[in-house]
Participant: 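Quick one: the structure is below, and I'll ask about it shortly.
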Amino acid sequence: MTVHAEPRRETVNRLGLWLFFCSEFFLFAALFAARFYLAGPYHAKVNQPLGLAITLVLLVSGFTAYRAEAGIRRGDRSAFLRNLLVTILLGLVFLAGVGVEWATAEFAPSSIFGTAFFTMTGVHASHVLSGVVAFALAYRLGLRGHFSAERHWGVEALVKYWYLIDVVWVFFFPVLYLVRA
Amino acid sequence: MERRKRESAESSRGRLTVLAALVVLTLAEYVVGVKVAPNLSLLLLFMLAQAALIIWYSMELPKLWRRDEEEEI
């Protein structure tokens, strides 16, 4: 008779998190498809250098988020808090970049491309904002002594969520800023 | 504690390599998109390569099917 050990709590948590990610991928895949259904490969005049800059900012923020997780994993609270703060700042820079793009866009939100552009960047930015808020909460909890080398699942999940935001932008940036007929 | 620090340093180097690869791919994608041929099929290669790097190494997808005992080691 084979006896199977109960899966650890973290293993189950990870599976649940990935199921949530799958539901998010479906949402963003629908937006990705809608962009081409509505506007084809056409794109209006967008600020490509700004798009590149905020993409790089988001990629670097993924690394600092990881450094925060690595910090708490080895019990280094100051590294955890420092990197969390840098990640929050980079997230805010990304949001500011999106804000500039919106404010200076030379196409109407009601145009075909505008509908796709503002919907995709808007839904993505709302995820970035929720990530920044969650990081800020984690920072506050970290200041109060929450999380440790043994107990940091919340931080790990948050960092993975941040990477999900990275993955989505990796697809959105080229189709909104680069692809042309 | 020392072992954790050593592992953390090694892991950080790995993540830095992944970040460097992502930055290079993004810059190459930008150059291709702006200067060369901004067609979807070509850009899709860049997108998929970057997504695979992030999902595999940064989101640690393999941890999903790794046995608990292996993680303890």
Participant: Given that the side chain runs from C-beta out, which part of Leu56(A) has a heavy atom under 4.5 Å from chain B: side chain, backbone, both or neither?
Facilitator: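 Leu56(A) touches chain B through side-chain heavy atoms alone.
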Participant: So Gln48(A) and Leu178(A), do their side chains get closer than 4.5 Å, heavy atoms only?
Facilitator: yes
Participant: Under 4.5 Å from any heavy atom of chain B, what part of Leu164(A) do you find: side chain, backbone, both or neither?
Facilitator: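 Both backbone and side chain of Leu164(A) come within 4.5 Å of chain B.
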Participant: Quick check on the interface: out of Tyr161(A), Phe63(A), Trp162(A), who has the most heavy-atom pairs with chain B under 4.5 Å?
Facilitator: Phe63(A)
Participant: Measuring heavy-atom distances to chain B, does Phe21(A) have an atom under 4.5 Å in its side chain, in its backbone, in both, or in neither?
Facilitator: side chain
Participant: Where do Glu10(A) and Lys63(B) land on the salt bridge (Lys or Arg N to Asp or Glu O under 4.0 Å) test, with the steps shown first?
Facilitator: CA-CA 10 Å; Glu10(A) 268 186 20; Lys63(B) 269 192 176 180; over 6 Å; no
Participant: Using side-chain heavy atoms (C-beta onward) and a distance below 4.5 Å, is Tyr30(B) in contact with Thr55(A)?
Facilitator: no
Participant: Please test Thr17(B) against Tyr57(B) for side chain to side chain contact (heavy atoms under 4.5 Å, CB included), starting from the C-alpha separation and ending with a verdict.
Facilitator: CA-CA 10 Å; Thr17(B) 308; Tyr57(B) 293 106; over 6 Å; no
Participant: So which of Asn39(B), Ile55(B), Leu16(B) has the biggest tally of heavy-atom pairs under 4.5 Å with chain A?
Facilitator: Leu16(B)
Participant: Can you say whether Phe36(A) sits under 4.5 Å from chain B via the side chain, the backbone, both, or neither, judging by heavy atoms?
Facilitator: side chain
Participant: Using non-hydrogen atoms only, which part of Leu22(B) is less than 4.5 Å away from chain A: side chain, backbone, both, or neither?
Facilitator: both
Participant: Does any N or O in the side chain of Arg144(A) come within less than 3.5 Å of the main-chain N or O of Tyr139(A), such that one atom is a donor and the other an acceptor?
Facilitator: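 Side chain of Arg144(A) to backbone of Tyr139(A): no pair is present.
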Participant: Looking only at heavy atoms and a cut-off of under 4.5 Å, which of Val32(B), Leu64(B), Val18(B) has the most pairs with chain A?
Facilitator: Leu64(B)
Participant: So for Phe171(A), is it side chain, backbone, both, or neither that comes closer than 4.5 Å to the heavy atoms of chain B?
Facilitator: both
Participant: Heavy-atom distance under 4.5 Å to chain A: side chain of Leu43(B), backbone, both or neither?
Facilitator: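 Side chain only.
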Participant: Flag the pair Met120(A) / Val175(A) as yes when at least one side-chain heavy-atom distance between them is below 4.5 Å, and no otherwise.
Facilitator: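 When only atoms from C-beta onward are counted, Val175(A) and Met120(A) do touch, with a gap below 4.5 Å.
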Participant: Crowded around Leu61(B) CG? As in, over 12 foreign heavy atoms under 6.0 Å?
Facilitator: yes
